[in-house]
Amino acid sequence: MKFTAEQIAGILEGEVVGDPNAEVSRLSKIEEGEEGSLTFLANPKYINHIYTTKASITIVNDSFVPESEITTTLIKVEDAYASFSKLLEFYNQVKLNKSGIEPQAFITEGTKYGENLYLGSFSYVGQNVSLGNDVKIYPNSFIGDNVVIGDNVYIFAGAKIYSETIIGNNCTIHSGTIIGADGFGFAPNEDGEYNKVPQIGNVIIEDNVDIGANTTIDRATLGSTIIRKGVKLDNQIQIAHNVEIGKNTVIAAQTGVAGSTKIGENCMIGGQVGIAGHLVIGNNVRVQAQSGIGRNIKDDEVLQGSPTFGYTDFSKSYVHFKNLPKIVAELEELKKQIINPKNGNNG
């Protein structure tokens, strides 16, 4: 898909300096720009590249004045970085704006769906499913029975949505994600074997949630596993049964949250964090990467370590930890002087 400088300036409310008919069909870094590509200049460190870039169009701040000849067409805007981000969002919407049910897809008779549905090849939609407007389900996806999906939801290739799951509006679920698989529930019997505890709850995902690739969210044993409004989950995260994550909390990759833990609102949890089960974590909590949480956490705490403790205390302790060999050597020397005072320096 091609766009002219004039069209782009119209989207961004910018001013064209150069050829208004210059066309682009792809995006590039300014230092790697080629003919037919669009780039931007926001960081002054890259200003030299604007004189050598081969990009057909460059978005710049309206304060930019070239000091020598340039060949790229400029689009001047108030904030080049923000405008380029806006353009990326627009481009992504255009690119993903598919519609229609492809011939190899299977949709059960009686499924309800709204306008502009896209259902890719080899996808399956089960019984009594309700799909809102502008739902995009990419190839090889599975939607189980009795699933409810709101408006403007993207489910990318290979995602699996088990039965009874409820997904709100404006959500994005990336490839390989599994929502609603059984929670890890087993009970030992008299023979030392484990009997499976049926997992008959569901998963509820509220509005404006993003879920990264290969993340898994287990259904509840009873009740619901709940991901509240605005939550952002990275790739390869494990959310266990009956977990609840508060609104606008963000969690980085490879974190695991054990069953029945409640995480508050506006928390930031780093990568590879392990959180034990049946805990309550407050609001506005910050957890550094590779930490292990095994206790309840109050609001506004900042934590690091395994097991975690206060971030400031951790930093101070780590300074001493790095100096531990030196400290031990000094203690040994002091011990020698106490035992053999004649070997010491008596002034």
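Computed from heavy atoms alone, side chains included, the values below leave out hydrogens, waters and symmetry copies. By convention here, the first residue in the shown sequence is residue 1.
Ring geometry for F156 versus Y138: interplanar angle under 30°, hence parallel rather than tilted (30 to 60°).
For S121 (side chain) and A105 (main-chain N/O), no donor-acceptor pair under 3.5 Å exists by modelled atom type. At least one donor-acceptor pair closer than 3.5 Å links the side chain of D19 to the backbone N or O of N21. Between the side chain of N202 and the backbone N or O of T165 there is no donor-acceptor pair closer than 3.5 Å. Between the side chain of N169 and the main chain of G150, no donor-acceptor pair closer than 3.5 Å is present. Panel note: side chain Q199, backbone V197; a donor-acceptor pair is recorded below 3.5 Å. Using modelled atom types, one side-chain atom of N189 and one backbone atom of G192 make a donor-acceptor pair closer than 3.5 Å. N170 places no side-chain N or O within donor-acceptor distance of the main-chain N or O of D207, the cut-off being under 3.5 Å. Within the 3.5 Å criterion, the main-chain N or O of E34 finds no donor-acceptor partner in the side chain of S56. Side chain of T108 to main chain of V125: a donor-acceptor pair is present (N/O by atom type, distance under 3.5 Å, no hydrogens or angles). Proximity of a side-chain donor or acceptor of T261 to a complementary backbone N or O of H278 within less than 3.5 Å is detected.
Around atom CD of E102, more than 12 heavy atoms belonging to other residues, nucleotides or ligands sit under 6.0 Å away. Remark: F142 CZ is packed, more than 12 non-hydrogen atoms of other residues, nucleotides or ligands lying under 6.0 Å away.
A donor-acceptor pair shorter than 3.5 Å cannot be found between the side chains of N133 and E115. Residues N214 and N235 bring no donor and acceptor atom of their side chains to less than 3.5 Å of each other. Judged by distance alone, the side chains of T225 and H241 never bring a donor and an acceptor atom under 3.5 Å apart. A donor and an acceptor atom, one from each side chain of T4 and E23, are nowhere located under 3.5 Å apart. With no hydrogens or angles considered, a side-chain donor-acceptor pair links N146 and N128 at under 3.5 Å. Looking only at atom types and distance, the side chain of T215 has no donor-acceptor partner in the side chain of T177 under 3.5 Å away. Remark: the Y51 side chain and the E67 side chain contain no N/O donor-acceptor pair separated by less than 3.5 Å. Side chains of S291 and Q304: no donor on one and acceptor on the other come within 3.5 Å. D234 and Q254 form no side-chain donor-acceptor contact under 3.5 Å, judged by distance and modelled atom types alone.
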Problem - Step-by-step side chain to side chain contact (heavy atoms under 4.5 Å, CB included) determination, V60 to V77 - result: CA-CA 6 Å; V60 297; V77 295; over 6 Å; no

Exercise for the section: May I have the step-by-step check of side chain to side chain contact (heavy atoms under 4.5 Å, CB included) for T221 and I200, ending in yes or no? Expected result: CA-CA 5 Å; T221 307; I200 62 173; over 6 Å; no

Practice task
Check the pair I173, I179 against side chain to side chain contact (heavy atoms under 4.5 Å, CB included), reporting the backbone distance first and the verdict last.
Solution key: CA-CA 9 Å; I173 298 168; I179 298 174; 3.7 Å; yes

Practice task
Given side chain to side chain contact (heavy atoms under 4.5 Å, CB included), test F64 with I47 step by step and report yes or no.
Solution key: CA-CA 10 Å; F64 173 73; I47 196 167; 4.0 Å; yes

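Separation of atoms CD1 (I227) and CD1 (I166) is listed at 13.0 Å; rounding is to 0.5 Å. In this structure, E265 CD and N248 CG are separated by 7.5 Å, a value rounded to the nearest 0.5 Å. Within the model, atoms CD1 of I75 and CG of L38 stand 6.5 Å from one another, a figure rounded to the nearest 0.5 Å. If you take CZ on F40 and CG on D79, they are separated by 10.0 Å, rounding to the nearest 0.5 Å. To the nearest 0.5 Å, atom OG of residue S260 and atom CG of residue N242 are 4.5 Å apart. E190 CD to N195 CG: the interatomic distance, rounded to the nearest 0.5 Å, is 10.5 Å.
Taking a cutoff of 4.0 Å between a charged side-chain nitrogen and a carboxylate oxygen, E301 and K298 do not qualify as a salt bridge. Between D300 and R286 no salt bridge is recorded (no basic side-chain N to carboxylate O distance below 4.0 Å). A salt bridge links R228 and E206; the closest N-O separation between the charged side-chain nitrogens and carboxylate oxygens is under 4.0 Å. Between D210 and K232, at least one side-chain N (NZ, or NE/NH1/NH2) sits under 4.0 Å from a carboxylate O, which counts as a salt bridge. Between E32 and K54, no side-chain nitrogen of the basic residue sits less than 4.0 Å from a carboxylate oxygen of the acidic one, so the salt-bridge criterion is not met.
For A258 against G277, the heavy-atom pair with the smallest separation is CB-N, 3.3 Å.
Stacking of K136 on the aromatic ring of Y154 is not recorded, the 6.0 Å distance cut-off and the 45° axial limit not both being met.
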